[in-house]
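All heavy atoms count here, side chains included; hydrogens, waters and symmetry mates do not. Every number for a ligand or one of its atoms is a count from 1 in the order of the listing.
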Amino acid sequence: MNLRTLLRIFVVGCCLTWPGNAVSDVTPPVLPRPNILFIMADDHAANAISTYGARLNQTPNLDRLANEGMRFDRCFAVNSICTPSRATILTGKYSHRNGVPVFNRFDGSQPTVSKYLQAAGYHTGMIGKWHLGSDPTGFDQWMVLPGQGVYFNPAFLVPDGRKVIPGYATDVITDLAINFLKERPKDKPFFLMCHHKAPHRPWEPDAKHQALFAGKTIPEPATLRDDYATRTDALHENRQRVFDDLTRRDLKLEPPADLKEPARTQWLGGQPTEVQIEVAGKPMILRGEALNQWKYQRYMQDYLACIQSVDDNVGRLLDWLEANGLRENTIVIYTSDQGFFLGEHGLFDKRFMYEPSIRMPLLVRWPGVIRPGSVQDALTINADLAPTFLAAAGLPVPADMQGGSLVPLLKGERPPNWRSSFYYRYYHDPGHHNTRAHYGVRTETHKLICYWKKDQWELFDLRNDPDELRNLYADPAQQPLVAKLKQELYRLKRELKDEDQFADQLPPDGVDGPFPDKKPIGPKPH
Ligand code: CA
C-alpha cells in the first residue's frame, strides 16, 4: 500500500465519521476528494467489449480501463430500457420509487446523486444523452441532446436555449466533456456524467469507423435462430427480431430516387422481404436465409462501428486526464444504461429479463484503491451506482436509496451480507416492440420470470443453461425450487416496497407514459 492510498483511506475515514467526532481538537487534513468521471454509452452490450471476451470486436481503450481497474462481470439493469435506467442511476432507486417506469418525464425536484455531490462541494456536469424529459437539475453545467438526439451535427439543449454543434456526436460529446474539465474551478473536485448517444439505434457510424467493419463477417450467436420452444407467449409475440423487424432505414437501404413523401418515409419504415445488392459489380437479389444472414451482418457492422468511435473517445478522455495530472485522483467509470441483444434469441433491442439485455458492462478505475486487473463477480445493479459515488466522495448514503455502495467491492472486500439475488421489473407493454410486461428474480444460479398480465412464468437454470433456452417452470422436479424462488421474489417486492396495485397505474396498452392518473411533473418536456 503506497502513501497516497494510506492518505486516502484516512481522509475517507475522517469524512465518514464527521460530524460525530467534531469535538476533536485535531483539525482534519483538507485533502482532495476523488474526482468522478462517469462515462455511459447507450445500449452497449458487454458482448461487444473485448475484455468481456467478445469475439466480435477489439476495444483497446475500454480494455485499458479494465486492466488498470476492475471489471464487473455481473452488473444488471433493474428495468432494461433507457429512460428508467437513467432515472435509477441518478436516484439509486427502482422505477416504482423514482416515478420513471416507462418513458415518462423525470421529476427533477427529487433528490439525485448529482444534487448530493453538488451540495457537498463538487463541481457537477452533465453532457450528452439525458432522455429524461425534464431539464437536468443538480448540475453546475449541462448540455444535453434533446430526446434521443442525432448522430451527425447534433443539437444540444443548454439552460438558455439550444445549440447545434457540427461533427459526429461521439466526438462532439467528448470535446464538450474535455471543455468542461478544462474550464472547471480547480479548487473543487468534479463529478462529470458524459453520456454518449452511441451505439443506440439507428446505428449511424462515421465514415472512418464504418470503413473498419465494411465487408467484415461478424460471427453469428448460437441462438440467432432460437425457435422459442418451451418459452412463454412473450418471446413469440415480441417484435424486435433481426430477421423480421429491422427496417429499411435500419439496414441503410436507399429509397428509389423518384419516391416522394410520405411514401418515402413509409418505404424506409418497412421491413424488406427481398433486397438487391451488388456482388462484383453485378446485381443480386437476396431472399430467405441469404437475406437473413445479410441483415444480421448489416446490423452488426454498423453497431460495432459506432462502438469503435466510443472506444477511441474513451481513450481520448483517459489520455487527457493523464496529460493533465488527473489520472491518480479521478475515479473513471464506464458503463451502459443496459445491455443489448446482438442477435441472441434472434433479437435486437433489450427490455426482456434475459441476460444479454439486462447485463451492463461496468469498468471502474480508481488508482491506489482498486487492484489493477481485478474481476468482480458479485451481483450488482444500476441502483448501486449513486450510493457508490456518494461513498467514494466520503458522503453518507441516504436510507431511501435502494442500491448499495460498491466501494467495499472496489477495495477487494466482499461484505458478508452482500445480495444473493435481485429484483427486476419491466413495464413498457406493448411499447415499441410489443414486449410483455414482466417481473422476476435472478439469483446467483437461477432466474424466475413472471409475465404478470398473462400469469405465465419462465424458470432458467443459469449454470446448466446459460443461454436461457429451456424453460423449466412446468417441470415437476423443479416445483420445490419454483416455490422457493417465488418466496424470494415476493420478499424482494416487499423489501423494495413494490406494491402490486402500482400495476393498475400503468398506462393502457399502446400508450407511453406519463401515467394517466398522475399530473405532469417537472418543467415542460423537450
Ligand atoms: Ca439504452
Inset, instruction - Can you spot which of Tyr427, Trp452, Tyr424 makes a ring pair (Phe, Tyr, Trp, His ring centres under 6.0 Å) with His438? - result: Tyr424
Legend entry - Residue Gln266 excluded, over 12 heavy atoms near CD under 6.0 Å: no
Legend entry - Salt-bridge present (Asp250, Arg298; N to O < 4.0 Å): no
Inset, instruction - Check step by step if ring-ring contact (aromatic ring centres under 6.0 Å, His included) holds for His131 and Phe103. - result: CA-CA 9 Å; His131 205 200; Phe103 286 103; 5.6 Å; yes
Inset, instruction - Show your working on side chain to side chain contact (heavy atoms under 4.5 Å, CB included) between Ile449 and Tyr354 and close with a plain yes or no. - result: CA-CA 9 Å; Ile449 307 175; Tyr354 304 130; 4.0 Å; yes
Inset, instruction - Using 3.0 Å as the cut-off, note every protein N, O or S atom close to the Ca ion (ligand 1). - result: Asp42 OD1, Asp43 OD1, Cys82 SG, Asp337 OD1, Asp337 OD2, Gln338 OE1
Legend entry - For Asp73, all residues meeting side chain to side chain contact (heavy atoms under 4.5 Å, CB included), sequence neighbours excluded: Tyr52, Arg71, Arg359, Val375
